[in-house]
Student: 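What follows is a single structure, and I will ask about it in a moment.
The figures that follow rest on heavy atoms only: side chains count, while hydrogens, waters and symmetry mates do not. Residues take their numbers from the sequence shown, with the count starting at 1.
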Amino acid sequence: MKKSLWIETRASILKIVFGVLVPCLLCSCDVTNPGNIIDEDIYDTNYMEPLLNGAITRYTGSLAGGDSSYVFAAGALFGEIYPCTTYQEEPQAVRGDLPESHAEWSDQLDEQHGTRWLAEECIRRMQLVMKTDYHKSALAAEANLIAGLANRILGSTFCHAVFDGGPLEDRIEYFKRAESQFSEAIDIAQAAGNNDLLLAAYGGRASVRIVLGQWTEAVADAGMVPDDFSYQVNYKTTSGNDLTNTLWYQVYIRNDITMKLTWFEDYYTQSGGVIDDEDDTHGDPRVAMKQRYSQGKPVTGADTRNTPILGTLKASSGTNSVAVIKGTEMRLIEAEAMIREVSTWQEGLQIINDLRENIEAVPSLLPWTAATQDEAFKALVRERAIVLWNEGRRGADLYRWSIERGYQPSDDEIITTMVEKAKAFGYSGFVENAYRAICFPISEWVRSTNPNID
């Protein structure tokens with residue numbers, strides 16, 4: 001049951017740029033350019049859908065689109081990929097070194113907050129022009145869903161929250177904001193009779209409620225979402241713009257990303273996968289990867305280390321979708337709620353192994369085993385990493401586990417494996433795991449231009 005943030009029948013997709021609507025050619029249909037439109041004229045019901053399309057476009061690009069994106073930078077920081085690139089941002093992230101002075105963090109903040117602001121501006125204008133119709137409009141439900149997803153990324157990314165030139169706040173404020181927006185999306189989707197948006201909003205709210213420590217409520221939300229549900233961001237081009245899946249582009253076009261040197265490489269081979277065999281169908285398909293070849297020779301990275309490029313089959317095309325809400329994550333929320341309790345951790349582990357048993361893999365995936373509650377938690381960490389691999393989700397996990405359990409990068413098997421493999425390969429400059437960053441700083445540029453930040 002796959003649902004998409006893109007609806008094929010939408011005739012035009014527009015972005016807001018500095019308060020002016022301009023056309024964005026993102027679909028194959030004909031689009032008429034209306035020219036510049038005065039901002040005040042956009043307060044019209046006819047413009048609500050184009051405004052929403054602009055927010056969706058911005059979210060699509062900021063999540064996993066174009067030349068660089070959140071899943072690229074976060075994947076490097078949290079051990080999901082290895083950047084063998086001449087860029088500066090991702091190699092710094094993979095080393096766990098995120099100085100405030102780096103200009104790229106301003107770009108990340110701009111991208112993610114631009115998405116949030118645009119989605120929330122859609123909501124504000126819809127409330128003004130739709131009036132009572134707002135509370136039963138599928139467009140309004142979707143706008144709240146996108147705003148919630150945008151705030152969820154911000155909470156997963158940045159060490160502090162800051163809104164529209166305001167002061168620094170605790171990053172938990174992003175998740176609180178997202179929960180409110182997902183709740184609004186639920187209420188409106190119910191009134192509008194849109195079940196797809198309703199399930200997506202329940203899943204989104206469950207995913208932020210576990211960060212907020214609202215476990216009973218999160219489990220109730222998760223139970224509303226069936227196993228086969230998947231709400232996706234779709235990518236439409238292979239040209240490297242915001243509508244191109246960045247993992248594909250950076251692996252298959254730029255040679256800037258590899259799955260080499262990651263925990264996932266080891267796990268895939270241990271599950272039966274054969275990386276050098278292009279026709280191999282063995283191993284856990286959720287982390288399938290293959291060595292890239294060109295003219296019979298292995299392709300290596302764009303940096304000077306000749307790092308082999310292992311491409312993920314999860315992004316084998318520039319038009320591969322990225323799931324943002326899915327039923328399998330909901331089952332892991334239910335499993336984690338049980339693993340948190342001394343009396344039910346075995347049942348939680350069984351939920352995880354039931355998921356693994358349902359994966360069509362050759363050979364069949366082995367269950368995780370655990371003799372203690374702590375070992376069951378380690379199995380949960382692995383399974384969440386596998387299920388949400390390269391979907392930009394590990395930041396929120398490491399944040400909440402650090403608060404709940406004192407969990408640090410030095411405790412994380414995914415990160416420590418990547419660091420040790422990279423060191424053995426000859427890479428250097430890594431921050432000690434005990435001091436490794438688990439979030440992006442609010443950049444020096446933003447601090448210096450915001451009078452409300454000391």
Student: Does Ser156 reach the main-chain N or O of Arg152 with its side chain, forming a donor-acceptor pair under 3.5 Å?
Tutor: yes
Student: Tell me yes or no: between the side chains of Thr238 and Thr244, is some donor less than 3.5 Å from an acceptor?
Tutor: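 Side chains of Thr238 and Thr244: no pair found under 3.5 Å.
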Student: Of Arg177, Lys176, Arg171, which meets salt bridge (charged side-chain N to carboxylate O under 4.0 Å, His left out) against Glu173?
Tutor: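 Result for salt bridge (charged side-chain N to carboxylate O under 4.0 Å, His left out) with Glu173: Lys176.
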Student: Could you pull out all residues at least two apart from Pro83 that satisfy side chain to side chain contact (heavy atoms under 4.5 Å, CB included)?
Tutor: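 Expected list: Phe72, Ala76, Thr85, Glu90, Val94.
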Student: About how many Å separate CG of Asn245 and CG of Leu63, when rounded to the nearest 0.5 Å?
Tutor: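 Going from CG on Leu63 over to CG on Asn245, the span is 9.0 Å.
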Student: Salt-bridge test for Asp412 and Arg394: reply yes if a basic N is under 4.0 Å from a carboxylate O, no otherwise.
Tutor: yes
Student: Would you mind telling me which of Glu121, Glu111, Glu120 makes a salt bridge (charged side-chain N to carboxylate O under 4.0 Å, His left out) with Arg58?
Tutor: Glu111
Student: Working note: Arg205 + Gln181, criterion side chain to side chain contact (heavy atoms under 4.5 Å, CB included); need CA distance, chi angles, decisive distance, verdict.
Tutor: CA-CA 9 Å; Arg205 192 169 69 175; Gln181 289 157 343; over 6 Å; no
Student: Test your reading of the model: is there a side-chain donor-acceptor pair from Tyr249 to the backbone of Asn241, 3.5 Å cut-off?
Tutor: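 Not confirmed, Tyr249 side chain does not pair with Asn241 backbone.
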Student: Where do Lys378 and Glu413 land on the salt bridge (charged side-chain N to carboxylate O under 4.0 Å, His left out) test, with the steps shown first?
Tutor: CA-CA 8 Å; Lys378 290 179 181 179; Glu413 186 178 6; over 6 Å; no
Student: Are Asp164 and Arg116 close enough for a salt bridge, meaning some N to O gap below 4.0 Å?
Tutor: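 A salt bridge links Asp164 with Arg116.
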Student: Residues in salt bridge (Lys or Arg N to Asp or Glu O under 4.0 Å) with Glu169, at least two apart?
Tutor: none
Student: Trp248: which residues meet the side chain to side chain donor-acceptor pair (under 3.5 Å) condition with it, sequence neighbours left out?
Tutor: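 None.
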Student: Is any side-chain heavy atom of Leu145 less than 4.5 Å from a side-chain heavy atom of Tyr231?
Tutor: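 Of all side-chain heavy-atom pairs linking Tyr231 with Leu145, at least one is under 4.5 Å.
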Student: Tell me every residue that passes side chain to side chain donor-acceptor pair (under 3.5 Å) with Asp354, counting only those two or more places apart in sequence or in another chain.
Tutor: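 Applying side chain to side chain donor-acceptor pair (under 3.5 Å) to Asp354 gives Gln350.
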Student: Taking only residues two or more places apart in sequence or in another chain, which ones pass salt bridge (Lys or Arg N to Asp or Glu O under 4.0 Å) with Lys290?
Tutor: none
Student: Run the salt bridge (Lys or Arg N to Asp or Glu O under 4.0 Å) test against Asp227 and tell me which residues pass, sequence neighbours left out.
Tutor: Arg331
Student: Is the shortest heavy-atom distance from the side chain of Leu77 to the side chain of Phe440 under 4.5 Å?
Tutor: yes
Student: Tell me every residue that passes salt bridge (Lys or Arg N to Asp or Glu O under 4.0 Å) with Arg436, counting only those two or more places apart in sequence or in another chain.
Tutor: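 Result, salt bridge (Lys or Arg N to Asp or Glu O under 4.0 Å) vs Arg436: none returned.
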Student: I want to check something: taking the side chain as every heavy atom from C-beta on, are Ile351 and Met338 in contact at a cut-off of under 4.5 Å?
Tutor: yes
Student: Apply the test salt bridge (charged side-chain N to carboxylate O under 4.0 Å, His left out) to residues Asp97 and Arg95: give CA-CA distance (whole Å), side-chain angles for both, the deciding distance (0.1 Å), then the verdict.
Tutor: CA-CA 5 Å; Asp97 179 20; Arg95 292 193 296 268; 5.4 Å; no
Student: Could you tell me whether the side chains of Asn433 and Gln408 share a donor-acceptor contact shorter than 3.5 Å?
Tutor: no
Student: Suppose we screen for side chain to side chain donor-acceptor pair (under 3.5 Å). Which residues come up paired with Gln214, at least two apart in sequence or across chains?
Tutor: Arg209
Student: State which residues pass side chain to side chain contact (heavy atoms under 4.5 Å, CB included) with Lys314; sequence neighbours excluded, sorted by chain then number.
Tutor: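 If we apply the side chain to side chain contact (heavy atoms under 4.5 Å, CB included) test to Lys314, skipping adjacent residues, the hits are Thr312, Lys326, Trp389, Glu391.
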Student: Measure centre to centre between the rings of Tyr82 and Tyr427, then say whether the value is under 6.0 Å.
Tutor: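 Close enough - the centres of the two rings lie under 6.0 Å apart.
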Student: So does Lys260 pair up with Glu265, basic N to acidic O under 4.0 Å?
Tutor: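 Yes, charged N to carboxylate O under 4.0 Å.
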Student: Please name all residues satisfying side chain to side chain contact (heavy atoms under 4.5 Å, CB included) with Tyr134, sequence neighbours left out, ordered by chain then number.
Tutor: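 For Tyr134 the side chain to side chain contact (heavy atoms under 4.5 Å, CB included) partners, ignoring immediate neighbours, are Ile123, Met126, Gln127, Met130, Ala140, Asn144, Glu184, Ile188.
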Student: Pair Glu383, Arg356 - check salt bridge (charged side-chain N to carboxylate O under 4.0 Å, His left out), show working.
Tutor: CA-CA 9 Å; Glu383 197 66 16; Arg356 293 177 64 79; 3.0 Å; yes
Student: Apply side chain to side chain contact (heavy atoms under 4.5 Å, CB included) to Glu404 and list each qualifying residue two or more places apart in sequence or on a separate chain.
Tutor: Trp215, Arg340, Arg400, Trp401
Student: Closest approach of Leu261 and Ala422, non-hydrogen atoms and distance?
Tutor: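 In this case the closest contact between Leu261 and Ala422 is CD1-CA, 4.1 Å.
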Student: Tell me yes or no: between the side chains of Tyr268 and Asp284, is some donor less than 3.5 Å from an acceptor?
Tutor: no
Student: In sequence, state the C-alpha distance, the side-chain angles, and the governing distance for Lys136 and Asp187, and then conclude on salt bridge (charged side-chain N to carboxylate O under 4.0 Å, His left out).
Tutor: CA-CA 8 Å; Lys136 55 185 177 181; Asp187 292 341; over 6 Å; no
Student: Listed by chain and number, what are the side chain to side chain donor-acceptor pair (under 3.5 Å) partners of Tyr174, not counting sequence neighbours?
Tutor: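 Per chain and number, Tyr174 pairs via side chain to side chain donor-acceptor pair (under 3.5 Å) with His113.
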Student: Would you confirm whether Arg292, through its side chain, and Val251, through its main-chain N or O, come within 3.5 Å as a donor-acceptor pair?
Tutor: yes
Student: Any carboxylate oxygen within less than 4.0 angstrom of a Lys/Arg side-chain nitrogen, looking at Glu329 and Arg393?
Tutor: yes
